[in-house]
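To start, the structure itself, in structure tokens.
Here, residue 1 is the first one in the sequence, and each next residue gets the next number. Every number for a ligand or one of its atoms is a count from 1 in the order of the listing. Excluded from the calculations below are hydrogen atoms, water molecules and symmetry mates; all remaining heavy atoms, backbone and side chain alike, are included.
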Amino acid sequence: MRLATLRRVALANGFVRASELRIPVEQARREVGALIFDSTIMSLNGDISCRDCHRDEFGSTDGLPNAFGAGAKGIGRERMHSGGKILPRNVLPFWGRGGKGFDTLFWDGRVRLDGERIISQFGDKPPSRDPLIVAAHLPSVEIREMVIDTPDIHERLVQEDVAGAHRLQAELARRFAGDRTIGPKLAAAYGVAPEHLTFGEVVDALAAFIRDEFRIRPTKLERFVFEQGAISKDELAGGLLFYGRGRCSACHGGPYFSDLGFHAVAFPQAGFGKNGFGVDEGRYNATLDPKDRFLFRTPPLYNVSKTAPYSHSGSVVRLEDAIVAHFDPLRLVDPAKMSARARADLYARMGPASREPLPSALSDEEVRQLVAFLRMLDFAQR
Ligand code: HEC
Ligand code: HEC
């Protein structure tokens with residue numbers, strides 16, 4: 001009975017087989033995209049590649065609370081002490097990005113497909129209708145992420161406006177076209193002469209790689225729902241909580257375990273923040289609408305056991321505690337050790353969170369069962 005119920009509620013909440021979310025890509029483009037993903041050519045002066053922050057051993061993130069950008073060296077914790085610039089957000093993983101219907105990118109949703117229209121910092125001239133391709137245009141021109149704002153670079157290329165971004169990316173396209181390995185492969189994959197390659201082809205190939213490499217794959221949950229696969233008592237109890245009294249699916253519903261909408265959960269803010277030390281106003285940064293203060297895109301949950309630390313600020317290390325943050329954030333902090341300002345920030349974020357359909361107190365046992373269920377969303381094998 002309970003097994004049948006879990007199957008039914010999973011399907012009713014939008015769970016589908018991995019293969020249904022796949023958008024096929026052209027192999028030649030994907031292959032050169034993989035080289036671009038690993039290449040420091042993408043960084044005008046910073047010597048950093050997409051791979052430096054989106055690594056396989058950390059589930060396509062960097063394993064750190066906040067990212068370390070241009071100038072940082074090494075892997076994982078080594079990056080923290082190597083002189084790089086801090087990017088005050090937790091790196092997002094890639095699972096399912098570029099799959100069917102995955103239309104909202106970044107913690108604050110600053111790239112989003114609204115019907116037919118792309119909403120992004122490119123205004124009414126987005127470089128593509130595909131949100132992943134638009135998003136993949138951003139890192140190379142994001143100051144501190146992949147480029148350092150030296151006076152010279154600022155003067156010549158960056159200036160943080162769209163024209164500056166185009167100039168910088170035209171320069172990157174020239175460098176990729178001139179690379180002995182990437183240039184000819186990219187030209188062949190798009191059937192154009194190397195001298196006619198633009199940044200458009202560079203990013204299209206990069207997106208083809210991300211879309212395919214990080215596509216959703218079959219999970220234990222898929223086997224359970226569609227092939228009568230076995231599950232443990234804890235997984236079953238966790239699943240019933242997820243879709244039932246735990247209210248998780250109110251936000252983490254749909255095929256990616258996210259409504260791709262924006263909600264407030266009062267995670268503690270660890271140190272740095274997008275809006276100054278200890279403050280990140282989330283979605284508000286993209287819309288400047290006061291109603292959006294402290295809202296973040298609901299994180300999809302595939303492979304979530306592999307992408308610690310958690311939340312937009314990376315303030316929570318254990319998956320159990322990431323669940324606790326939804327209904328008992330004060331358990332995760334020591335108010336006496338916080339600055340008055342950090343406490344004020346937490347109070348501010350508890351307001352919007354109190355209006356969300358968050359679960360009420362769950363026992364440690366229930367949190368453990370939820371974690372067992374979330375582990376069923378790990379890819380079965382890679
Ligand atoms: C310095 C570390 C760093 C580098 C290098 C980096 N990223 Fe990221 N990436 C991040 C962080 C941090 C976020 C989350 C930022 C946010 O949402 O505000 C992110 C988010 C993303 C997202 C959004 C994912 C989602 O769930 O919406 C995409 C797509 C992405 N990065 C692609 C790339 C590509 C492509 C490259 C190389 C051109 C790259 N990144 C290089 C740190 C990095
Ligand atoms: C009101 C909507 C909502 C509900 C209900 C909800 N969540 Fe979340 N969840 C979020 C948002 C938004 C975040 C990210 C908040 C942030 O980073 O500040 C999040 C973060 C998480 C994270 C961390 C993911 C990561 O990659 O950092 C996990 C795990 C999680 N939720 C699991 C759950 C579980 C399990 C439940 C049910 C007990 C649940 N959530 C209920 C909206 C919700």
Side-chain angles (χ1 to χ4, degrees), residues 33 36-37 39 42-43 46 48-54 60-62 64 66-70 72 79 84-98 102 104-111 131-140 142 144-146 202-203 206-207 209-210 238 241-242 245-253 257-267 269 274 280 282 285 294-301 304-305 307-316 319-327 349 353 355-359 362 366-367 370-371 373-374:
I36 293 168
F37 191 80
S39 171
M42 189 60 92
S43 169
I48 182 168
S49 72
C50 306
R51 178 76 74 190
D52 282 310
C53 294
H54 295 283
S60 75
T61 73
D62 60 354
L64 300 173
N66 290 164
F68 285 78
R79 301 184 69 71
K85 303 281 179 186
I86 288 193
L87 234 71
R89 286 242 170 107
N90 188 234
V91 176
L92 279 160
F94 284 158
W95 315 109
R97 279 62 169 174
F102 202 114
T104 303
L105 279 299
F106 298 107
W107 282 109
D108 48 19
R110 62 183 177 274
V111 173
L132 177 63
I133 295 181
V134 176
H137 273 79
L138 300 182
S140 57
E142 185 99 11
R144 294 199 302 269
E145 185 161 357
M146 301 190 84
V202 172
V203 174
L206 183 58
F209 169 71
I210 294 174
L241 276 168
F242 187 90
R245 200 165 50 78
R247 308 179 81 177
C248 314
S249 55
C251 302
H252 297 278
F257 295 89
S258 166
D259 56 2
L260 300 176
F262 302 94
H263 298 279
V265 175
F267 274 92
Q269 176 78 28
K274 190 102 175 167
D280 190 331
N285 289 293
F294 308 116
L295 307 190
F296 292 89
R297 184 192 66 187
T298 307
L301 296 175
V304 71
S305 79
T307 60
Y310 300 106
S311 87
H312 70 275
S313 95
S315 57
V316 169
L319 190 49
E320 287 80 356
D321 292 338
I323 298 173
V324 169
H326 289 67
F327 59 88
R349 272 170 315 106
R355 293 187 286 277
E356 295 280 8
L358 289 164
L362 299 170
E366 289 170 324
V367 169
L370 280 164
V371 167
F373 175 72
L374 292 182

Inset, instruction - Using distance alone, decide if ligand 1 has a nitrogen or oxygen within less than 3.5 Å of any nitrogen or oxygen in Thr104. - result: no
Legend entry - Heavy-atom gap Ile210 to ligand 1 smaller than 4.0 Å: yes
Legend entry - Any Asp52 heavy atom less than 4.0 Å to ligand 1: no
Inset, instruction - Find all atoms of ligand 1 within a distance of less than 4.0 Å from any non-hydrogen atom belonging to Met42, and give their numbers and elements. - result: 38 (C)
Legend entry - Ligand-residue contact atoms, ligand 1 with Gly69, heavy atoms, under 4.0 Å: 1 (C)
Legend entry - ligand 1-proximal atoms of Ser49, by part, heavy-atom distance under 4.0 Å: backbone
Legend entry - Proximity of Leu105 to ligand 1 by residue part, where a heavy atom lies under 4.0 Å: both
Legend entry - Donor-acceptor contact present, side-chain Arg97 to main-chain Trp95, <3.5 Å: yes
Output block, N or O contacts of ligand 2, threshold 3.5 Å exclusive:
from, atom 1, to, atom 2, distance (Å)
ligand 2, 7 (N), His252, NE2, 2.9
ligand 2, 7 (N), His326, NE2, 2.9
ligand 2, 9 (N), His252, NE2, 3.0
ligand 2, 9 (N), His326, NE2, 2.9
ligand 2, 17 (O), His312, N, 2.8
ligand 2, 17 (O), His312, ND1, 3.2
ligand 2, 18 (O), His312, ND1, 2.7
ligand 2, 27 (O), Ser311, N, 2.8
ligand 2, 31 (N), His252, NE2, 2.9
ligand 2, 31 (N), His326, NE2, 2.8
ligand 2, 40 (N), His252, NE2, 2.8
ligand 2, 40 (N), His326, NE2, 2.8

Legend entry - Flag side-chain contact, heavy atom, 4.5 Å: Ile323 against Leu374: yes
Inset, instruction - State the atoms of ligand 1, each with its element, that fall below the 4.0 Å cut-off from a heavy-atom position in Phe68. - result: 1 (C)
Legend entry - Least distance between heavy atoms, Asp259 atom then Ala250 atom: OD2-O, 4.2 Å
Legend entry - Non-hydrogen atom of Phe37 closer than 4.0 Å to ligand 1: no
Legend entry - Close side-chain approach of Glu145 and Ile48, heavy atoms under 4.5 Å: no
Legend entry - For Pro139, atoms of ligand 1 separated by under 4.0 Å from a heavy atom: 33 (C), 34 (C), 36 (C), 38 (C), 39 (C), 40 (N), 41 (C)
Legend entry - Sidechain-backbone polar pair: His312 side chain, Arg89 backbone, donor-acceptor under 3.5 Å: no
Legend entry - Check: His54 main-chain N/O paired with Asp62 side-chain donor or acceptor under 3.5 Å: no
Inset, instruction - For the pair Thr298 (side chain) and Ser258 (backbone), establish whether a donor and an acceptor sit closer than 3.5 Å, ignoring hydrogens and angles. - result: no
Legend entry - Short side-chain to backbone donor-acceptor contact, Thr307 and Pro93, under 3.5 Å: no
Inset, instruction - Could you tell me whether the side chain of Tyr310 and the main chain of Asp321 form a donor-acceptor pair under 3.5 Å? - result: no
Inset, instruction - Quick one: sort the Phe209 and Phe37 rings into parallel, tilted or perpendicular, breaks at 30° and 60°. - result: tilted
Legend entry - Any Arg110 heavy atom less than 4.0 Å to ligand 1: yes
Legend entry - Parallel, tilted or perpendicular, as decided by the 30° and 60° cut-offs, for the rings of Trp107 and Phe296: perpendicular
Inset, instruction - May I ask you to check whether Cys50 brings an N, O or S atom to under 2.8 Å from atom 8 (Fe) of ligand 1? - result: no
Inset, instruction - Mind listing the closest non-hydrogen atom pair of Leu358 and His326 along with its distance? - result: CD1-O, 3.5 Å
